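All of these numbers come straight from a predicted model, not from anything done at the bench.
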Amino acid sequence: MQIFRWHSLVFFLLCLIGFIAGCRSEMDTEKVPPLIRINDQEISKSDFLVEFEKSLQKDQPLSGIEREELQRSFLVQLIDRELIHAEARRLNITLTDEDVEKALQSYRQDYPGTSFEAMLQDRGLSLQSWREELKESLIMEKLLDQAIYVNVVVSDEEIAEYYETHRDQFDRPAQVRARQIVVADESLGKEVLGLLRQGKPFAEIAAKYSLSPDAQQGGDLGFFGRGEMPPEFDNIVFELPVNRLSDLVKSEYGYHIFLVEEKRKATRLSKQDAEGEIRAVLEANKKEEVYLDWLQDLRARAVIAVDWSQLEVKSK
């Protein structure tokens with residue numbers, strides 16, 4: 001009988017310990033609630049911090065308050081992103097691998113040499129993770145184009161009204177289109193100037209000798225007005241006749257040779273000439289307005305809860 005009682009006691013204690021352990025396990029789980037709830041989706045603080053760190057520049061110095069403010073701002077953006085992607089899934093907005101690869105190659109063209117890989121390293125991203133980010137961005141763009149912006153229209157009347165009330169925006173100062181060659185020392189500059197005066201093509205010589213980033217475009221600076229370039233440029237090119245070579249011009253960047261290819265007088269664009277610019281401005285304004293209204297509607301229809309206390313800076 002005593003053995004039976006002892007076994008019963010042991011069994012009871014084990015059950016009790018199991019019950020307490022279970023309670024503790026439940027309590028531990030309750031101690032770590034999700035940081036964000038969006039409808040039936042939950043995002044933990046740890047998952048949020050992983051995404052947040054990806055958004056920062058590598059080794060970006062931040063104080064505690066700065067980090068908290070950035071986290072709050074990023075959290076709102078994350079919620080909007082999740083709402084938008086949920087809507088894209090609901091509307092079955094998808095992309096093919098070919099779509100993503102084409103966009104990726106297009107983006108890479110904006111990063112000469114190894115600067116694309118350097119960008120990934122600075123952000124702490126692999127090519128695959130960056131590709132996933134790109135895919136998400138493309139899906140969002142496709143959703144907006146197909147479901148939100150499709151009804152954005154700018155009328156001729158709106159363009160005319162904008163032109164009449166913003167005429168000063170279409171005043172254009174005198175401009176020149178010029179090319180340049182930049183070399184490091186005066187002796188080389190004189191040598192290059194001699195080649196040009198012998199009739200060698202400016203673009204060809206620029207590509208061969210110029211140190212400026214525009215060398216691969218034949219030294220083409222495009223059109224610019226006074227004050228958009230260093231003073232040394234303005235003092236020469238606005239006085240130089242079209243198709244006339246300048247002498248050597250010294251600046252803090254080296255020794256320059258300029259060729260002015262075209263000049264434009266100061267003018268005010270007509271409504272017809274300004275129409276494309278106006279349409280782009282009005283379309284952008286309308287798209288922003290309908291996007292914000294649409295996003296606000298998404299937020300209103302969603303059940304969103306945030307445990308902001310998890311992001312508070314703890315004072316020592």
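- Aromatic ring orientation, Phe48 versus Phe74: tilted (interplanar angle from 30° to 60°).
- Geometrically, Lys287 engages Tyr149 in a cation-pi contact, judged by NZ or CZ lying under 6.0 Å from the ring centre and within 45° of the ring axis.
- Note that Arg179 lies outside the cation-pi zone of Phe258, set by a 6.0 Å cut-off to the ring centre and a 45° limit from the axis.
- In the model, Ser46 has a side-chain atom that pairs as donor or acceptor with a side-chain atom of Ser44 under 3.5 Å.
- Between the side chain of Asp99 and the backbone N or O of Thr96, at least one donor-acceptor pair lies under 3.5 Å.
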Taking only distance into account, with no hydrogens and no angle test, what donor-acceptor pairs under 3.5 Å do side-chain atoms of residues 189-199 form with protein atoms, sequence neighbours excluded?
{"from": "Arg197", "atom 1": "NH2", "to": "Asp247", "atom 2": "OD1", "distance (Å)": "2.9"}

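- With hydrogens and angles left out, the side-chain atoms of Gln180 and Ser212 include a donor and acceptor closer than 3.5 Å.
- Residue pairs satisfying the side chain to side chain donor-acceptor pair (under 3.5 Å) criterion with at least one member in residues 291-304, sequence neighbours excluded, are listed as follows: Asp80-Arg299, Gln296-Arg299, Asp297-Arg301.
- The existence of a salt bridge linking Glu158 and Lys286 is confirmed by a sub-4.0 Å separation between a basic side-chain nitrogen and an acidic carboxylate oxygen.
- Glu87 meets the salt bridge (charged side-chain N to carboxylate O under 4.0 Å, His left out) test with Arg90; sequence neighbours excluded.
- For Gln105 and Glu101, the side-chain atoms include at least one donor-acceptor pair closer than 3.5 Å.
- With hydrogens and angles left out, the side-chain atoms of Asp214 and Gln217 include no donor and acceptor closer than 3.5 Å.
- The closest side-chain donor-acceptor pair between His256 and Ser246, if any, does not fall under 3.5 angstrom.
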